[in-house]
Amino acid sequence: MLISMFFSVLIYNNVSRQIEGLIRMQNNRIRSFQFKRRDSALSEDLKKEKRQLGYTLILLNLAIITAASGAGYFLAGRTLFPIKLMIDEQNQFISDASHELRTPIATLRAEMEGKLLEKNISDEAARKLISSNLEELETLQNLANGLLKLTQIHTLEDANEHAEKISLLEIVKLARAKVLPLAKNKKIEIEIKMSEIIIKGNKNNLIEVFVILLDNAIKYSKKNTKITVSLEKLEHEVRILFSDRGIGISEKDLPHIFERFFRADKSRSQADGYGLGLSIAKKLIEKHRGLIYATSVVGKGSVFTVRLPLFI
């Protein structure tokens, strides 16, 4: 805007000097009365043009400042939007974390205060209290670990920047081995229908994602059922499908299952957990420039699909 105003003043002064020079030249001429009238009219026209030039430059600068202000407002909004989004997300994170931490802490306090009101505490009662407190402390520890993991993911570099060649089949088998005790407790079979395929990525992060998905499938599957892990290879990507025959997810809850602390209806929220697992899995897959989503039918089961770029 300053540059525009500077050149506008420069142009106006330059043109004004030329016009005033012409006017002075005409006034100094010695002509007949008829020519003097004509020169006077010409001088008035020149002055009018000078004023018109001034108005035009003012309007031009007003148009420039209006356009610049609009563009500045738009660009500033675009620049500040990610910051606003980050602040909103941070505030929501603090709010959700505080809410989830409050419950186990309140339980711990209520149990201990209740026992302190008793005059005599038997050894058995003390042991039960300690056992219950340990369960709540374990819950707090798991929640803290999940929150810490979420914050660490934001600082992770793109997994493809320092990727290594890894076997998807090996990763799925390692993930299955980690959740196998849970599956055996519910007599759930985990079947792998995959061929050997090599991609690039972070091995430990992908194992964690697959453990989360298998653990999630086990939690919400009925006893004596089967979980299937299959693979689809396309031209530029590979898809890993985790299919269960569990209770399913309602249509209204499905768009929100990857949000932090989100737990669906009562039938699903009865399971252990704080709704952090799927959020962590989503963040880790995004670090691999991939995509994760789910389809589900209530009462029949769910299919979680992980899409990863195929590097050859």
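Predicted, not measured: the structure shown is a model, and the values here were computed from it. What you see below is based on every heavy atom in this structure, not just the backbone, and it leaves out hydrogens, waters and symmetry mates.
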Please step through side chain to side chain contact (heavy atoms under 4.5 Å, CB included) for the pair Ile197 and Leu310, ending with a clear verdict. CA-CA 9 Å; Ile197 187 167; Leu310 184 59; 3.9 Å; yes

Under a 4.0 Å threshold between the charged nitrogen and the carboxylate oxygen, would Glu111 count as salt-bridged to Arg109? no

First locate atom [atom1] of [X], then atom [atom2] of [Y], and finally report the distance between them rounded to the nearest 0.5 Å.
X: Leu129; Y: Glu124; atom1: CG; atom2: CD; answer: 12.5 Å
X: Ile171; Y: Ile207; atom1: CD1; atom2: CD1; answer: 5.5 Å
X: Glu259; Y: Leu278; atom1: CD; atom2: CG; answer: 11.5 Å
X: Arg239; Y: Arg307; atom1: CZ; atom2: CZ; answer: 4.5 Å
X: Asn185; Y: Lys187; atom1: CG; atom2: NZ; answer: 10.5 Å
X: Lys300; Y: Asp244; atom1: NZ; atom2: CG; answer: 14.0 Å

With a 4.5 Å cut-off on side-chain heavy-atom distances among I, L, V, M, F, W and Y, is there a chain of contacts connecting [X] to [Y]?
X: Leu108; Y: Leu134; value: yes
X: Ile130; Y: Met112; value: yes
X: Val297; Y: Tyr220; value: no
X: Phe304; Y: Leu169; value: yes
X: Tyr293; Y: Leu284; value: no

Output every pair passing ring pair (Phe, Tyr, Trp, His ring centres under 6.0 Å) with a member in residues 108-141, not counting sequence neighbours, ordered by first then second residue. none

Heavy atoms only: give me the nearest [X]-[Y] pair and the separation to one decimal.
X: Ser250; Y: Val298; result: CA-CG2, 3.6 Å
X: Ala281; Y: Val209; result: O-CG2, 3.9 Å
X: Ile257; Y: Ala294; result: CD1-CB, 3.7 Å
X: Lys186; Y: Ser221; result: NZ-O, 2.6 Å
X: Ser296; Y: Gly248; result: OG-CA, 3.3 Å

Please check if the side chain of [X] supplies one atom and the backbone of [Y] the other of a donor-acceptor pair under 3.5 Å.
X: Thr56; Y: Gln52; value: yes
X: Lys222; Y: Ile247; value: no
X: Ser131; Y: Arg127; value: no
X: His288; Y: Asn202; value: yes
X: Asp253; Y: Ile249; value: no

Please evaluate residues Ile292 and Leu213 with respect to the criterion side chain to side chain contact (heavy atoms under 4.5 Å, CB included), reporting the C-alpha separation (whole Å), side-chain torsions for both, the decisive distance (0.1 Å), and the verdict. CA-CA 11 Å; Ile292 182 171; Leu213 294 178; 3.9 Å; yes

Do Val172 and Leu231 come within less than 4.5 Å of each other through their side chains, counting heavy atoms only?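 The answer is no, as the side chains (C-beta and beyond) never meet within the 4.5 Å cut-off.
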
Validation row: Ile166, Ile198 side chains within 4.5 angstrom (heavy atoms): no

Going through the checks in order, is the side chain to side chain contact (heavy atoms under 4.5 Å, CB included) test met by Leu308 and Leu206? CA-CA 10 Å; Leu308 293 169; Leu206 287 179; 4.1 Å; yes

All side chain to side chain contact (heavy atoms under 4.5 Å, CB included) counterparts of Ile64, not counting sequence neighbours: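 So Ile64 forms a side chain to side chain contact (heavy atoms under 4.5 Å, CB included) with Met1, Ser4, Leu60.
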
Please enumerate all residues that pass side chain to side chain contact (heavy atoms under 4.5 Å, CB included) together with Val303, with sequence neighbours excluded. Leu241, Ser243, Thr295, Thr305

Is Lys128 atom NZ crowded by more than 12 heavy atoms from other residues, nucleotides or ligands, each under 6.0 Å away? no

Is the CD1 atom of Ile3 crowded by more than 12 outside heavy atoms at less than 6.0 Å?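 No, not enclosed.
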
Could you tabulate the donor-acceptor pairs under 3.5 Å formed by side-chain atoms of residues 65-82, not counting sequence neighbours?
from: Thr66; atom 1: OG1; to: Leu62; atom 2: O; distance (Å): 2.7
from: Ser69; atom 1: OG; to: Ile65; atom 2: O; distance (Å): 2.6
from: Thr79; atom 1: OG1; to: Leu75; atom 2: O; distance (Å): 2.8

Can you say whether the rings of Phe210 and Phe242 are parallel (under 30°), tilted (30 to 60°) or perpendicular (over 60°)? tilted

Contact list for residues 165-181, test side-chain hydrogen bond (donor to acceptor under 3.5 Å, both in side chains), sequence neighbours left out: Ser167-Glu196, Glu170-Lys203

Please list, one pair per line, the donor and acceptor atoms closer than 3.5 Å that link side chains of residues 188-195 to other protein atoms, with sequence neighbours excluded.
from: Glu191; atom 1: OE1; to: Lys226; atom 2: NZ; distance (Å): 3.2

